Asker: 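The structure is given below, and queries will be raised subsequently.
Chain A is the first sequence line, chain B the second, and so forth, proteins listed ahead of strands; every chain is numbered from 1. This one's a predicted model, so the numbers in the text were calculated from it and none came from an experiment.
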2 protein chains.
Amino acid sequence: MARPTLASLAAELGVSRQTISNVLNAPARVKPATRERVLAVIEAAGYRPSAAARQLRTRRSMNLGMRLLPATDGINGSVLDRFLHALTESAQAAGYRLTLFCADSDDDEVLQYEQLLHIAGLDGFILTSSRPDDVRTRWLQEHGTPFAVFGRPWDAGLPSESASHAWVDVDGAAGTAEAVTMLARQGHSRIGFLGWQDGAPVGDARRAGWERAMRASGLGQHVPGLSMAAPDTISGGVSGGRELIARDATAIVCASDSLAIGALECLRELRPGLFAPGQPAGPGLRAAVVGFDDTPVAAALGLSSVAQPVEDAARHIVRLLTCELAGNAGAGAAPEEHLLLAPRVVERVPLPLAPRG
Amino acid sequence: MARPTLASLAAELGVSRQTISNVLNAPARVKPATRERVLAVIEAAGYRPSAAARQLRTRRSMNLGMRLLPATDGINGSVLDRFLHALTESAQAAGYRLTLFCADSDDDEVLQYEQLLHIAGLDGFILTSSRPDDVRTRWLQEHGTPFAVFGRPWDAGLPSESASHAWVDVDGAAGTAEAVTMLARQGHSRIGFLGWQDGAPVGDARRAGWERAMRASGLGQHVPGLSMAAPDTISGGVSGGRELIARDATAIVCASDSLAIGALECLRELRPGLFAPGQPAGPGLRAAVVGFDDTPVAAALGLSSVAQPVEDAARHIVRLLTCELAGNAGAGAAPEEHLLLAPRVVERVPLPLAPRG
DNA sequence: CGCGGAAATTTGATCGATCAAATTTTGATC
DNA sequence: GATCAAAATTTGATCGATCAAATTTCCGCG
């Protein structure tokens, strides 16, 4: 038996195509009795409307696009991983599909937009970052293409809230601040910060959160001496950690899990006494390192880390796009165009590695 | 100006739609002079054929589907990441797009197949694993849907080569065997194996490769005593590593990077002397751990690891699918239905963590 | 000059849905 | 039961491409 279509079902039921179409798209227009009868046959025949035919007429593909970035360092890639999964799930729940594509550069990405828009008729795009003076967002806006960005724009001077496009982001500063508060509550006072060397605003924000919370906790006097920067690698964490420990830090908040892994190693070697188990959270008794992104390695090592709520971010991005696509005609709550989510600190106890014998 | 279509271009050029269509799909049918003229206008107008319209007629969506597994199951983080990227890239190069979807279970996955086939008209699927007596592969075969699997089927007793569906996989045994050969060449003889506890065939194969190479290198006498199993976590690696070290292993081949990270930690603590730098590869001088999958953490820690050629695997999978979809009518080399790729060992020098002062 | 066949091009139908407008049915009211 | 508006349903056109078949153009050759 061939795949059922509106026409074949109409013949079987003795009604017109349009009635069946209405049952699915505007049930209120159809008399309840007919509706039931039609629905029963749709069910029995396993009818599914063809997206291609529908797209041809409605100019909606129910398809969103996202560029898959070239694998960066990968440890931090895990955040994108979770984001991608959550995005797929949210999109699916909203009746959209997600199409992936690759690009060599931002210019190439724009070229892909153009092709995917025309050929596949994608309804919108998700970007996983934006840069100052971004060619991509500019192109998308000029062409009236719906899109949303995971990551706020950091255009010099301008507050992100004034951005002319939709974005969702995680408040990194709030994350490091919460980490400091947590550590201070445990009795730490010499809490260091280990960040990145590049002057990127994301890293600056994480440092700023640490500083703010230090001052708020009355530990402002340590701020000048306990902030370090290193390359974003494990060995960068080792050397940065060594320096901070030399300055008597008992706890370190890091801008990434890579750095934190290195710093943890370092603490383990230089201050083994601080890892004595059995005395939970006594002041100064247990050294602590907090990473950022809560990657699987962090979890495996028992490293505390600031976890980004990427699932919430993905859900909101899908909501933004679907609302814009639906034309959201006066229908109640329009989702926030600019949303800053608070991360939370996942607290863990480091793996005991000391040899038994 | 509205988006150009075949009809609009035809009007502009004074030829018929079909001629333009032929220029793109069967250039040989069109007189060279006309072809050039048409191509010039296509270029100038930036014409792109609508995939939806084409799909409606040809019943090809040029779209492949893949389920995004929940984080833990199947191939994990970084390998999946690289595979997905390579797959997207290969598909794109072949003129296909990649659509992602989620599913709660295998049964749900089958349901998604059915919907995606009917609604979106996907042309084929990529699976990232298969199990004995797999409902998904059975369904796909029964419905004549093209698909290919990354990971060979391990049906009890039957050789994977007899499988009735296309697959590509990496020869794990060859990987661990090469690791052993490399270590033996460096002068190690007490080379241990640290594997998983579950009796899964993938893990068994990795162990088998170790054993085979041990015997081939004349180290068969160590096989009985130097094989361990532990849960696939870092702490599993620590405890397994401790035991192997207690049995005087100087090198350890692991079934995963998680295990290897743990084992490396352990070696570092229990045999710090074996990490003396400056004496490269003298027998017994440098302890060695080899992981599996070459994840970013491994790279960051300077851990040697067996790297899967996932890019090659993805490329072949796309080739398999596109050939089947193209109907491959007598056109030369049909790609191998069953392809086993050899991984390679990436050799690294562990990060020096010893404190300077 | 006209003929035949290949080459080049065009025409009409079709894929499967939705839109917009036309038509039929329903049901309340006098 | 006739009337009319509202409700329910149907009809015809359309989205933009390809297929299959028909038509026109081209060109060599008798």
Side-chain angles (χ1 to χ4, degrees), chain A residues 1-39 41-42 45-63 95 115 117-121 123 326-327, chain B residues 1-39 41-42 45-63 95 115 117-121 123 326-327:
Chain A
M1 59 176 183
R3 197 171 158 299
T5 68
L6 277 192
S8 79
L9 288 192
E12 182 178 340
L13 273 158
V15 300
S16 71
R17 333 179 279 292
Q18 188 63 32
T19 298
I20 306 179
S21 173
N22 283 337
V23 167
L24 294 170
N25 300 313
R29 307 204 143 209
V30 181
K31 183 159 68 172
T34 353
R35 198 191 308 157
E36 308 263 316
R37 205 160 55 91
V38 171
L39 278 174
V41 172
I42 285 180
Y47 168 75
R48 317 266 181 203
S50 147
R54 178 176 275 176
Q55 177 185 350
L56 196 55
R57 194 69 177 97
T58 62
R59 292 159 176 296
R60 279 271 130 82
S61 65
M62 302 305 280
N63 227 299
Q115 298 196 352
L117 273 179
H118 284 81
I119 299 180
D123 293 335
Chain B
M1 58 174 184
R3 198 171 156 299
T5 68
L6 277 193
S8 79
L9 288 191
E12 182 178 342
L13 274 159
V15 299
S16 71
R17 328 180 283 291
Q18 187 63 32
T19 297
I20 306 179
S21 173
N22 283 336
V23 167
L24 294 171
N25 300 312
R29 308 203 142 208
V30 181
K31 182 159 67 173
T34 349
R35 197 190 310 157
E36 309 261 318
R37 205 160 55 92
V38 170
L39 278 174
V41 173
I42 286 181
Y47 168 74
R48 318 265 181 202
S50 147
R54 179 176 275 174
Q55 176 185 351
L56 197 54
R57 195 68 179 98
T58 62
R59 295 163 173 292
R60 280 270 131 81
S61 64
M62 301 305 280
N63 226 299
Q115 299 195 354
L117 273 179
H118 284 80
I119 300 181
D123 293 334

Asker: Just to verify, what does Arg48(A) make a salt bridge (charged side-chain N to carboxylate O under 4.0 Å, His left out) with, not counting sequence neighbours?
Answerer: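 Only Glu114(B) meet the salt bridge (charged side-chain N to carboxylate O under 4.0 Å, His left out) criterion with Arg48(A).
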Asker: Can you find a side chain N or O atom of Thr34(B) that sits less than 4.0 Å from OP1 or OP2 on dA8(C)?
Answerer: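 Checking Thr34(B) against dA8(C): no side-chain N or O falls below 4.0 Å of OP1 or OP2.
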Asker: Sequence neighbours left out, what passes side chain to side chain donor-acceptor pair (under 3.5 Å) with Arg35(B)? Give chain and number order.
Answerer: none
Asker: Considering residues at least two apart in sequence or located in another chain, which fulfil the side-chain contact (heavy atoms from CB on, under 4.5 Å) criterion with Ala10(B)?
Answerer: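 In terms of side-chain contact (heavy atoms from CB on, under 4.5 Å), with neighbours along the sequence ignored, Ala10(B) is linked to Ile20(B).
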Asker: Using the side-chain contact (heavy atoms from CB on, under 4.5 Å) criterion, which residues pair with Arg60(A)? Sequence neighbours excluded.
Answerer: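 For Arg60(A), the residues satisfying side-chain contact (heavy atoms from CB on, under 4.5 Å) (neighbours in sequence not counted) are Thr58(A), Asp123(A), Leu325(A).
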Asker: Between Arg37(A) and Val15(A), does a side chain to side chain contact (heavy atoms under 4.5 Å, CB included) hold up when you go through it step by step?
Answerer: CA-CA 11 Å; Arg37(A) 205 160 55 91; Val15(A) 300; 3.7 Å; yes
Asker: If a protein heavy atom is under 4.0 Å from the base, mark B; if only from the sugar-phosphate, S; if neither, -; do that for nucleotides 10-20 of chain D going 5' to 3'.
Answerer: BBBBBBBBBBB
Asker: Tell me, please, which residues at least two apart from Arg54(B) pass side chain to side chain donor-acceptor pair (under 3.5 Å).
Answerer: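 For Arg54(B), no residue satisfies side chain to side chain donor-acceptor pair (under 3.5 Å) once neighbours in sequence are set aside.
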Asker: Send over the distance from Arg29(B) CZ to dA21(D) P, rounded to a whole Å.
Answerer: 12 Å
Asker: Taking only residues two or more places apart in sequence, or in another chain, which ones meet Ser21(B) in a side chain to side chain donor-acceptor pair (under 3.5 Å)?
Answerer: Asn25(B)
Asker: Run the side chain to side chain donor-acceptor pair (under 3.5 Å) test against Ser16(A) and tell me which residues pass, sequence neighbours left out.
Answerer: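 Scan of Ser16(A) (side chain to side chain donor-acceptor pair (under 3.5 Å), adjacent residues dropped) gives Thr19(A).
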Asker: If the helix axis at each end comes from five base pairs, how far does the helix from dC1(C)-dG30(D) to dC30(C)-dG1(D) deviate from straight, to 10°?
Answerer: 60°
